[in-house]
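Protein chains get the first letters and strands the later ones, always in sequence-line order, with residue 1 at the start of each. Nothing here was measured: the structure is a model prediction, and the numbers come from that model.
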Amino acid sequence: MLKRTLLATAALGLGLAFAGGANAMDKVKACFVYVGPVGDGGWTFQHDQGRLDVIAAFGDKVDASTFQENVPEGADAERVLTQMALGGCNIIFTTSFGYMDATNAVAAKFPDVKFEHATGYKRDSANVSTYNARFYEGRAVTGTIAGRMTKSNKIGYIGSFPIPEVIQGINASFIHAKKVNPDVTMSIVWAYTWFDPAKEADAAKALIEQGVDVILQHTDSTAPLAEAAKTPGVIGFGQASDMAEYKPSPRVSAIIDNWGPYYVERIGALLDGTYEQKDTWAGIGGGEVKIGDITEAVPAEVKAEAEALAASIGDGSYHPFTGPLNKQDGSPWLADGVVANDGELAGMMFYVEGIVGDIPQ
Amino acid sequence: MMDFGGINPAILIASLMVASVPIMLAALGELVVEKSGVLNLGVEGMMIMGAICGFITAVKTGNPYLGFLGGAAGGAALSLIFAFLTQSLLANQVATGLALTMFGLGLSSLMGQGYNGIKPPLTGVVPFGPLRDIPGIGRMLFSHDWMVYFSIGVVAATWYVLKYTRTGLIIRAVGESHDAAHALGYKVNRIRLMCILFGGAMAGLGGAYISLIRVPQWTDGITAGAGWIALAIVVFASWKPLRVLIGAYLFGGITVLQLNLQAAGSAIPVEYLSMSPYLITILVLVIMSSGKGRTALNAPAALGQNFHASR
């Protein structure tokens, strides 16, 4: 144990030394680890679009041809990462929350390789950076549309895992649906997966059977939209990607993750020697989160309202978590006009007032 | 309509009928296979081959009905490998079946490259016209696609054939004592081959139902263990076709119920709800098997034994 700690410390020291003296590079090999298949039409598809943007931006100077799909979160990820690091990758993007520990463990062993972990918060070595997008900003917009569009006043949310990122999404959607429609209630089903079309379809079906007519999803496949398409009057939103093949209904809008600019910036920095460890969390304003085209299935005034909300979040004049807001148990969280800070959001593990049910532990 | 804990029973029954189709078809196929004395543990592999073959056929031709044919063909093709290994080369059935599952999962993943995220042609519901509008019953019984009715029909047909026809008698004879059947002049291996093909086709149909109707999409490992549940249902049904129907509805029902309970905001923790279908399957199997060897009595006597004419 002591030996391992010593080794880790030594590796950390080495990493710091290398990170300090960043040198320009002639050619960079960038590698990507995906949690689902590129063809998921959602989360992984968007990361792969970012990878293609890198190829388009740098041409021969960057080899971004290496990626691994369907890597399970856990011990397998560590194996894949080690293989990539040994295979000469200079920078590795690990694109799911569950790769957090594997990324940090492997990064400690390869101080020369840069690791970029999406949606995580651990940066144990100097060569680990984290990046995330403020998806909750997009959720505020889709929540508004959901509140306006529901006729049964029941909206459903398919949660993936009970982690802060997903809780933020649930809270942001609910707050903004409730704001435009005080009668709205939200049913939440936990799928315990990021990508499993069969499970996601079953969850959507159960929600629809419970009278839900607007489905928000935090899982990556198009299966919930396919399920919604079977029942007239039920709508949903594209998740992570535009999911345009379900336009104009059930897909009435989408939250699109736009990773390309970030990938191009980081690899560019590695090429010209300005690369530094950092933690990035950009949203609608920074262009990382985009709202997909709002279709004609949505009335014009609702569309205008949603677009105005997105614009005000984008220019910073409005924050989706602005007080007065209470926690689920009724205890005060944010006073009138107070805005939640990033630390609170990053560790958010409670529902806001009005949501029924418990977060699974 | 009455509600139980916020859940409408008519809708619940309607959706459990849909949810249980894949396991019902696969279990029925396996039942016939086991009745003929062959234990094919490759149901999961054959199902997923059916899922991808059906999906590819439906996407390429644009016709969901051809898709189901393709799925049945895919499952049967994989079962042919099993038949060759166990009936001609006399390989161990348990090991071959397990290998078949792993092979099927891998091969389907390879074949499915490029088919992720594609929409297959939709299979419509059977037009029952005014029957659909009967309150309660209409939603429950007359709002499904043709495969739901087909699967129930196959259960009835299998029951009839096994119990009342000469073909059924021969299949059972082969499964109870292949030596006696052989002495009577029946071609044991050929009959078993036919049963294995039927089992493969049924598993393939079940798989195609998942990728063409239930989800409808292709992704690696889409059957998610349904084949193993089908195997358990055969034992649960003590090798009786009509009980396969009950077993499949029970499992499908609990699966649907646990999601509905979640959506209705039940106070039971999600973890317990998610494991409940499997827990209850285990529980029922334990109860079934504990009744003084009742299950053992019902199992075909020659189950899992290879046959060679020279023996």
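Using modelled atom types and a 3.5 Å distance limit, the side chains of A/Gln210 and B/Asn260 yield a donor-acceptor pair. Residues B/Glu44 and B/Thr223 have side chains that bring a donor and an acceptor to within less than 3.5 angstrom of each other. Side-chain contact of A/Glu245 with A/Thr222: a donor-acceptor pair under 3.5 Å is absent, judged by distance alone. Under the 3.5 Å distance criterion, with hydrogens and angles disregarded, a donor-acceptor pair is assigned to the side chains of A/Glu200 and A/Thr219.
For B/Thr219, the part lying near chain A is the side chain, with the backbone staying farther off; criterion is any non-hydrogen pair under 4.5 Å. Only the backbone of A/Ile188 has a heavy atom closer than 4.5 Å to any heavy atom of chain B. For chain A, the nearby parts of B/Ile11 are the backbone and the side chain; heavy atoms of each come within less than 4.5 Å. When heavy atoms are compared at a cutoff of 4.5 Å, A/Val189 approaches chain B by way of both its backbone and its side chain. Residue contact with chain B, scored on non-hydrogen atoms closer than 4.5 Å, involves the side chain of A/Asn70 exclusively. Heavy atoms closer than 4.5 Å to chain B are found nowhere in A/Phe45, neither backbone nor side chain.
Ring-plane geometry between A/Tyr157 and A/His218 is classed as tilted, the angle between the planes lying from 30 to 60 degrees on a 0 to 90 degree scale. Below 30°, between 30° and 60°, or above 60°: for B/Phe55 and B/Tyr115 the angle between ring planes is above 60°, a perpendicular geometry. Between A/Tyr34 and A/Phe32, the two ring planes are tilted [angle within 30° to 60°].
Chain B forms the most heavy-atom pairs under 4.5 Å with one residue out of A/Lys154, A/Lys199, A/Glu227, A/Lys230, and that residue is A/Lys230. Per-residue counts of heavy-atom pairs under 4.5 Å with chain B were compared for A/Pro37, A/Gly357, A/Gly41; the largest is that of A/Pro37. For the set B/Ile118, B/Leu259, B/Leu257, the count of heavy-atom pairs under 4.5 angstrom toward chain A peaks at B/Leu259. The residue among B/Ser15, B/Gly221, B/Pro216 with the most heavy atom pairs within less than 4.5 Å of chain A is B/Ser15. If you tally non-hydrogen atom pairs under 4.5 Å between each of A/Ala229, A/Gly156, A/Pro197 and chain B, the highest count goes to A/Pro197.
Classification of B/Arg214 and A/Asp202 as a salt-bridged pair holds, one side-chain N sitting under 4.0 Å from a carboxylate O.
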